[in-house]
Amino acid sequence: MVLQALAFYVFAAVAIAAGIMVVTARNPVHSVLFLILAFFNAAGLFVLMGAEFLAMILVIVYVGAVAVLFLFVVMMLDIDFVELRQGFVKYLPIGGLIGIVLLVELFIVVGGWVTLPETKAAITEPVARQGNISNTAMLGRLLYTKYVYLFQAAGVILFVAMIGAIVLTLRERVGVRRQKAARQIQRRREESVQLVKVKPGEGI
Amino acid sequence: MEGGFWIDYAWPAVLLVIKIVAVIVPVVLAMAWLTYAERKVIAAVQLRKGPNVVGWFGLLQPIADGIKLIFKETVIPSGANKVVFIIAPLMTFVLALVGWAVIPFGTWDGGKIVIADINVGILYLFAISSLGVYGIIMSGWSSNSRYAFLGGLRSAAQMVSYEVSIGFVLITVLLFAGSLNLSAIVEAQRGGFWRWNWLPLFPMFVIFFISALAETNRHPFDLPEAEAELVTGYNVEYSAFTFALFFLGEYMNMILMSAMTTILFMGGWLPPLEVSWLNWIPGPIWLALKISFFLLLFILARAAYPRYRYDQLMRLGWKVFLPLTLVAVVVYAGILLYTDTLPK
């Protein structure tokens with residue numbers, strides 16, 4: 001258990017430090033890199049909690065795909081660092097307000113556990129391990145039985161969002177020559193090359 | 001604490017380090033001589049001799065190359081983002097190594113020869129290979145060079161695209177195995193050559209191998225280092241050992257991808273026939289033989305094919321492989337469900 005505790009404190013400390021660096025780093029690309037580090041440590045915390053499937057999915061989806069796109073966009077931006085610093089005082093009140101709201105909410109939740117112990121029971125009980133079934137299999141069973149409609153609804157929402165994104169960004173450009181692979185493959189020698197016997201000194 | 005510090009912590013730690021060394025050292029040596037094998041095989045294809053000066057048949061060439069790269073000067077461009085510049089090659093190399101933690105090498109006395117026999121082994125490998133893109137994108141950006149940046153962007157887009165179809169191919173394999181554990185995936189294929197996954201999953205097998213070529217940035221999909229237009233792409237500013245780390249990382253990734261192909265489709269450490277004397281040959285040897293076969297395919301693909309154009313590469317990934325694999329997942333699941341052969 002000592003090792004677990006040690007691992008927890010390392011992951012948690014690095015995650016929090018990386019989170020702070022995301023906000024304070026001067027270079028936006030560094031911010032995204034620290035965000036990736038924070039994601040990674042969150043995955044480590046998931047592993048410690050015995051949710052290895054969630055941990056791997058977090059790494060694959062957030063670190064492997066979403067953060068790459070963040071990095072893409074941020075790297076492409078032509079950023080003036082001096083200009084970026086200028087709005088600091090102007091945006092400080094609204095940023096601080098959001099931070100305070102989140103902090104108060106956290107206090108209410110955690111404070112509730114201390115002052116009213118029965119609220120703890122209202123939290124959904126984690127499904128107890130049944131015998132030798134792996135974490136992944138249990139998640140699958142739960143998702144496809146108890147929560148199947150919600151799961152499908154989430155899928156539909158994501159699908160609609162994807163179609164929306166494609167429709168919004170799709171533009172038909174006229175007058176652009178496109179490669180048509182099928183036509184290229186179907187092309188035969190007879191229709192593209194013609195053998196001509198040319199007599200010397202005459203031309204075609 | 002019943003066992004005390006030494007029995008509970010120190011001894012398992014020592015054992016773990018020994019295991020890791022026992023896996024890493026052969027892999028690194030294999031990687032070194034893979035570079036030699038590649039030069040020899042391509043030389044044979046092109047009717048040349050290849051390296052033949054250092055040592056017998058040029059066998060010491062990889063060592064000579066390594067020493068040369070270590071003793072050269074590491075140049076860091078003045079406009080580069082130094083920390084990211086240094087981290088990028090380290091990341092590529094380390095990520096190529098950590099994947100080996102979950103590769104099962106065989107069985108011994110009923111136990112498995114593997115560093116970490118985790119439940120979600122296949123997802124772990126997938127996650128590691130999806131992280132590989134960071135080494136390249138970070139090096140491309142931090143070099144502060146247009147060629148490197150273009151190479152990095154290209155390669156990032158390429159790797160992200162082909163990961164999608166690799167993910168779907170993995171799902172079809174999982175449908176046959178019924179587990180995310182790599183050892184269980186191999187055991188599900190027990191019963192000889194014709195019971196391995198490559199036969200029922202043949203189209204997926206081909207797609208996976210082609211995607212593996214794209215994922216490791218190998219020919220014919222080596223656009224990140226297209227020397228004709230990008231002078232070599234993302235690693236153009238790297239010299240000496242930082243370059244060597246990229247180079248070795250690429251070869252290590254080739255071995256890892258071959259190991260993954262072997263485990264998913266070629267029965268991992270299992271012998272091709274269920275005969276007692278074939279079973280007597282230890283699993284790691286079978287695994288190494290199969291990995292070598294796929295590495296040969298990697299090298300022959302490099303010798304045989306010209307480089308893809310970038311738009312053709314993207315077309316193949318998104319318009320051919322993605323729909324094909326997506327349909328395949330539905331079809332395979334349907335067949336397995338209809339014939340009631342889904343693994344319980």
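We name chains A, B, ... by the order of the sequence lines, and we start the count at 1 in each one. When reading the values below, keep in mind they use all heavy atoms of this one structure, side chains included, and skip hydrogens, waters and symmetry mates.
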message: I want to check something: taking the side chain as every heavy atom from C-beta on, are B:V84 and A:H30 in contact at a cut-off of under 4.5 Å?
response: yes
- request: Determine whether A:E52 and B:I118 make a side-chain contact, defined as any pair of heavy atoms from C-beta on separated by less than 4.5 Å.
  value: no
Part of A:L33 lying under 4.5 Å from any heavy atom of chain B: side chain
- prompt: So what's closer than 4.5 Å to chain A heavy atoms on B:L180: side chain, backbone, both or neither?
  reply: side chain
- prompt: Is the number of heavy atoms from other residues, nucleotides or ligands under 6.0 Å of B:L15 CG greater than 12?
  reply: yes
- prompt: By a 4.5 Å heavy-atom criterion (distance strictly below it), what part of A:A137 contacts chain B: side chain, backbone, both, or neither?
  reply: neither
side-chain contact (heavy atoms from CB on, under 4.5 Å) evaluation trace for B:Y124 with A:V59: CA-CA 9 Å; B:Y124 174 82; A:V59 174; over 6 Å; no
- prompt: To the nearest 0.5 Å, what is the distance between CD1 (A:I57) and CG (B:L123)?
  reply: 5.0 Å
message: Could you check whether any side-chain heavy atom of B:L131 comes within less than 4.5 Å of a side-chain heavy atom of A:F40, counting everything from C-beta outward?
response: yes
message: Is there a side-chain contact between B:N81 and A:N27 in this structure, where contact means two heavy atoms from C-beta onward sitting under 4.5 Å apart?
response: yes
- prompt: Is atom CD of A:Q194 surrounded by more than 12 heavy atoms (other residues, nucleotides or ligands) closer than 6.0 Å?
  reply: no
task: Check whether A:L58 gets within reach of chain B through its side chain, its backbone, both or neither, counting any heavy atom under 4.5 Å.
output: neither
task: Kindly check if the number of other-residue, nucleotide or ligand heavy atoms within 6.0 Å of OH (B:Y308) is above 12?
output: no
task: Compare every heavy atom of B:A156 with every heavy atom of A:F72, then report the nearest pair and how far apart it is.
output: CE1-CB, 3.4 Å
message: Would you say that more than 12 heavy atoms from the other residues, nucleotides or ligands in this model lie under 6.0 Å from the OH of A:Y62, or not?
response: no
- request: Assess whether side-chain contact (heavy atoms from CB on, under 4.5 Å) is satisfied between A:L71 and B:Y134, documenting all intermediate values.
  value: CA-CA 9 Å; A:L71 211 54; B:Y134 282 110; 3.8 Å; yes
message: Nearest 0.5 Å, please: how far is CG in B:N181 from OG1 in A:T136?
response: 10.0 Å
statement: Taking every heavy atom of B:W141 against every heavy atom of A:M75, the minimum-distance pair comes out as CB-CE, 3.2 Å
- line: Closest non-hydrogen contact found for B:S130 with A:G64 is OG-CA, 3.8 Å
